[in-house]
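The structure appears right after this line, and notes come after that.
Order of the sequence lines fixes the chain letters, A, B, ..., with proteins taken first and strands second; residue numbering starts at 1 for each chain. Just the heavy atoms: all of them, side chains too, but no hydrogens, waters or symmetry mates, feed the values below.
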Amino acid sequence: MLPSILFLSTQPDQGRALLEVTDSASRVDRRDQYELQDLDLASYRAVIISMMADQRYLQSCAAQLDTYLQHGGWITVNGHIALPFLPELKPFKAIPNPSLDDFRLQAKNDHPVFAGIKVDELNRRRGVAGFWARGANPPPTGAQVLNTMKQGDVPVDWVYRRPGGGCLFMHSGNDMWVTALDDSINHKLFTQLLDWIGEGVQ
Amino acid sequence: MSRIAVTYGGTYFHHETYCCPPFSEQVDELLYLPELSDAALQQYDAIIVSCRSNPRFLQPLADRWLAYLQAGGTLVVFAECGVQNWLPGIEFHPKTVNYWWWLEDGAEHDIQPTNLDHSLFQCLTHKDMTWHYHGTFTPPEGATVLLQHPDGSSVLFDDRTSYAGRLIVTTLDPSFHHGSHFMPAATRFLHGFLPWLRQEVERD
């Protein structure tokens, strides 16, 4: 069975070790981001975009990505939106003058990607806050907000379902699979993301 | 009028740092990495290779970076660009990145400033240059070491002897962290470093 999820790598080895340790290589096709324009996205269930992506290049592929969503594709985006490459995306807004408490993460709605994860522990490592997120990419109207900061005000993680079936999963911070100090949490998040995509359950 | 260019990979942190205030006003041109091979490097008095610029676009231009330095240009290279693979005479030493040193009792960063009469220290304090570092270098012979690791290797050096031009290399990553809203020291570093660089190229 061919890999059904496209992972756009931004460096030659990005994601290689992750796929190996999570035993995901059969499910994920890791390709260089600059191959995107030459790929037939219709052959993928989902596309995963890293925080390190060249968003200027993604903008040049905006029509391709929009069409892919329009035809029911799923796209997962990590990072801060600086150059929107889909009509639903808006530039990142950092929390102004955040307190430590503002960085505390709250689970607003349950989601399979975060099942069994203590969400409120994701944004801290050894007492230092901000590893998961420092603000949010504003969600479009109709998005389901999953996790928030600043006592519920800042929508860090959200899911938006286009009429017609396309799905956009947003994480407004560091790549979901690198943020926890405990790698087992990082691997669990990544694996659960793949499982959720694979099940196709919205 | 001097011209300072910076490499730009389209990442959010490059964009936030070099396309948004306050630092957008301190660079004159962006060099988009996938189009770097088309750039006429010689027209710039200084080029900053921004942190985490993808080496796949830098390495093929090794001869041109050398020519730029030999022709008198000022080249600044921030962390995670693989500079040891596209410029001669630089040996890289990987180190485990210690993000937590300041949490230890009586913590003092292991990197110490040296050659304190260097003009950069008129614009930056030790604190402005302190967060963490991504490895160290053994610099070319004759380079001035400005931040030194206990083992004698360097986190930041200024080489004015190897070329007619000037090479400044560091394993600090200010644009990644300023652009990520995630390290106030990185922002302070850029507030001091960029005007200093402008002043240096205009004086030379």
Is a side-chain N or O of [X] found less than 3.5 angstrom from the main chain of [Y], in a donor-acceptor match?
X       : Y       : value
D173(B) : F176(B) : no
Q106(A) : R104(A) : yes
Y44(B)  : S2(B)   : no
Q112(B) : Q148(B) : no
Q64(A)  : L36(A)  : yes

Contact class of H15(B) relative to chain A, heavy atoms under 4.5 angstrom: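 H15(B) touches chain A through side-chain heavy atoms alone.
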
Which atoms of E80(B) approach chain A - backbone, side chain, both or neither, heavy atom under 4.5 Å: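 For E80(B), no heavy atom lies under 4.5 Å from chain A.
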
If you count heavy-atom pairs under 4.5 Å between each of [options] and chain B, which one has the most?
options                 : value
L58(A), I81(A), D54(A)  : D54(A)
Q55(A), M52(A), H80(A)  : H80(A)
I95(A), N174(A), L83(A) : L83(A)

Part of A94(A) lying under 4.5 Å from any heavy atom of chain B: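 Side chain only.
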
